[in-house]
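First comes the structure, then the notes that go with it.
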There are 2 protein chains.
Amino acid sequence: MIQLLAEERRHRIVDFLQQRGSAQVPELAGMLRVSEMTIRRDLRQLECSGLLRRTHGGAVANDRLLAETPYRAKRHEHVRQKQAIARAAVDLIKPGESIILDAGSTTYFIAMLLRNRPPDGLTVVTNDICILNELSDCPLLTVIGTGGTVQQGVYSMVGSHAENFFRTIRADRAFVGAHAVDMEIGLMSPNPEKASIKALVCAAANNTHLVVDSSKFGIGSLVEVRRLNQFTSVITDNDLAADRKEALERQGVRLVCV
Amino acid sequence: MIQLLAEERRHRIVDFLQQRGSAQVPELAGMLRVSEMTIRRDLRQLECSGLLRRTHGGAVANDRLLAETPYRAKRHEHVRQKQAIARAAVDLIKPGESIILDAGSTTYFIAMLLRNRPPDGLTVVTNDICILNELSDCPLLTVIGTGGTVQQGVYSMVGSHAENFFRTIRADRAFVGAHAVDMEIGLMSPNPEKASIKALVCAAANNTHLVVDSSKFGIGSLVEVRRLNQFTSVITDNDLAADRKEALERQGVRLVCV
DNA sequence: GGCCATTTGTTCGATTTTGTCCATTTGCTG
DNA sequence: CAGCAAATGGACAAAATCGAACAAATGGCC
C-alpha cells in the first residue's frame, strides 16, 4: 500500500474516533503507516478544528469527553492547596451559623466539604450557581441563592439584584475567593461587578475570611476591593514565599497557612 | 489491548459506578489493570468534577446522577410530549423579549432548546437551578436568577426573596409548569411556597403560558394557583382525552395541543 | 531533471503520567 | 478507647509521551 494523502488520513482518524470513542497514538500510527509524530501533528490540527479532544497518549471523541467548561477546569489547578484551604475554612464554622460563600473554585471546595459532612443547622448563602447546584439536594443544609444576572460562563450571579440581596442580610461568616491579591493594595478584582459584590459580601458578615491559594499573590488587577488586614483572617497555603508572609504580617494581616 | 487511555479509564470508572452504585479501589485497579494509586488519583479528579463521591475504600456514584432524584427522574417521563410542548413554546418567543421560566422539567426542555438556538437578545429569568446551570455558559442569552431559599432536592428557589424578586419585574412572557391540573379549579400546587411563586410569576408577565403534558390533567393537589382560562394559552400534548379538551374549551381556555 | 514549499521522520530533552515505598490517618473490633 | 489492619496520600523513581529542532522525503511546477 502506498501512502495516503494527509487529508484522507485525518479523515480516517476522525472516523475511527467516532466509531471507537478513543484512540492511542501508536495505534493510529500503526494503522495508518506513519510515524507517531505525524499522528500527533494531525491530532493537534484536528483538535484546533474542534473535531476531537487530545489527551495524553491519544485522543477521545468530543462527545465522550467528561464535560468540562473552562470555569470548571480551574478546579483542577492547585487542587491540593485549595482543598487544604477549604478544610481549614470549614473548621472555622460552628453549628447553627449562617455563612456566605463567594463565587469561585476555592469556595466550591468548601461547598463540597459541607455537602459531605455538614455541621448542624448550617445556612449557606451563595451567588455561585455551581455551588447552588451541588448543595441543592443536601438535606441537612439550608441553602439560599442570591439572585442576579448570570455572568457569562462564570457561573456566578452579580448585578443590582445580587447587590441588594447582600445589603439586606447579615451572616456570621463570609468566605471570599480571589483572582488577584496585590501585596500592597490587597484583594483586587478584574471587573467592577465582581468587586462590588465581594465588597458587599464582606460588609454583610461579622467575620470575613479570604480563601486564596498562594499562586494568586503578587498579581494585580483592575479594581481595588479590600485591604488584607481588614479580613478576620486570610487563609492560604504554605507555598507562599517567606518574605511575602513577613510583609503581610507586618501589615497586620492575620495570616493562616495550611 | 495494552493499556487504556487515561480519559477512557476514567470514563469506565464513571460508567461502572453508574451501573453498580459503588466500587472499591482494589476492584477498580484490578479491572483496569493499573495501580491503586492511579485509581485514587482518578477518583480524586472525578470527585472534583462532581461525577462521583469518594469514600474510604472506594467511591459511590453521585446520587444526583444515579439515583435520579425525583426531580431529575421527571425529565425521563413523557419526554416526547414535553419536547413537543417545549418546541411549541419556543415558537412563541420573539427576538428581544424577556421571558420567565418557572421551575420544572417541561420548562427545562424549553431552556435546552433556547440554549441550542437562542433568539436574538433574549433575556431569561428563572428560579430553577438546573436551568441556571445549563444556561450560564450560553453567550447569546442574558440570564437572571431570582434568588431565594433552595427547596431541598427540587432545584428551585422559593421564599420571600424569590417572591419579592418577581414583584419587582415585568416580563413579556412566562412559561409555567404544573404538577397537578384540576379540571375545574385549574393549576394547583402541592405546597404554599410554590403556589405563591407561580402566582407571582403569572402576575409579572404580560403573557402567561401553562406548559403541561396531558398526564397531569385531572389530578388535584393542595393549593389553588390559577384558573386555566386566565392563561394566555395552555400548551399540552394530543394525548389529552377529547372530552377533556371540550370541557376546557367550554370554560374559555385557549388550548394548544401538539 | 531541478527547485522550492510542504510534509514527514528522527533525535533528544522536557513534561506528564504511573508505580512503589512509607509515614500517617481512618474506621473497625474487642 | 486502645490496638490493628486497611486505606490514604506524599515523595520520589521509572516509564511513557510530547514537542521543538533539524534532517530527509515528497510533490508540484517550470
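Reminder, nothing fancy here: chain letters follow the sequence lines and each chain counts from 1.
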Quiz: residues 138-146 of chain B side-chain donor-acceptor pairs under 3.5 angstrom, not counting sequence neighbours:
none

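- Looking at residues two or more places apart in sequence or on another chain, you find no side chain to side chain donor-acceptor pair (under 3.5 Å) involving B:Thr149.
- Within the structure, no pair that satisfies the salt bridge (Lys or Arg N to Asp or Glu O under 4.0 Å) test touches residues 140-152 of chain B, not counting sequence neighbours.
- Taken residue by residue, residues 35-43 of chain B places heavy atoms nearer than 4.0 Å to DNA chain D at B:Met37, B:Arg40.
- Using cut-offs of 30° and 60° for the angle between ring planes, the A:His209 and A:Phe175 rings count as parallel.
- A:Glu8 has its CD atom 13 Å from the P atom of C:dT8, to the nearest Å.
- Mapping B:Gln24 and A:Val25 onto DNA chain D by nearest heavy atom places B:Gln24 closer to the 5' end of the strand.
- Every pair passing side-chain hydrogen bond (donor to acceptor under 3.5 Å, both in side chains) that includes a residue from residues 85-97 of chain A is listed here, sequence neighbours excluded: A:Glu97-A:Arg173.
- The list of salt bridge (Lys or Arg N to Asp or Glu O under 4.0 Å) pairs with a residue in residues 208-220 of chain A, not counting sequence neighbours, reads A:Asp213-A:Lys216.
- Every residue two or more places apart in sequence or in another chain was checked for a side chain to side chain donor-acceptor pair (under 3.5 Å) with A:Gln152, and none qualifies.
- Pairs of residues two or more places apart, or lying in two chains, never qualify as salt bridge (Lys or Arg N to Asp or Glu O under 4.0 Å) while including a residue from residues 227-239 of chain A.
- For A:Arg170, the side chain to side chain donor-acceptor pair (under 3.5 Å) partners two or more places apart in sequence, or in a different chain, are A:Asn206.
- Recorded end-axis angle for the helix from C:dG1-D:dC30 to C:dG30-D:dC1 stands at 40°, based on five pairs per end and rounded to 10 degrees.
- For residues 174-198 of chain A, the set of pairs meeting the salt bridge (Lys or Arg N to Asp or Glu O under 4.0 Å) definition, not counting sequence neighbours, comprises A:Asp102-A:Lys198.
- A:Gln45 has its CD atom 14 Å from the P atom of D:dG19, to the nearest Å.
- A sub-4.0 Å separation between OP1 or OP2 of D:dG19 and a side-chain N or O of A:Arg54 is present.
- For B:Arg44 and D:dA7, the CZ to C1' distance is 13 Å, given to the nearest whole Å.
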Contact letters for nucleotides 24-30 of chain C, in which S counts primed atoms plus P, OP1 and OP2 and B counts the base, heavy atoms under 4.0 Å: --SS---
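- Checked for salt-bridge contact, B:Arg53 and B:Glu47 miss the test: no charged N lies under 4.0 Å from a carboxylate O.
- Atoms CD (B:Glu27) and P (D:dA6) sit 17 Å apart, rounded to a whole Å.
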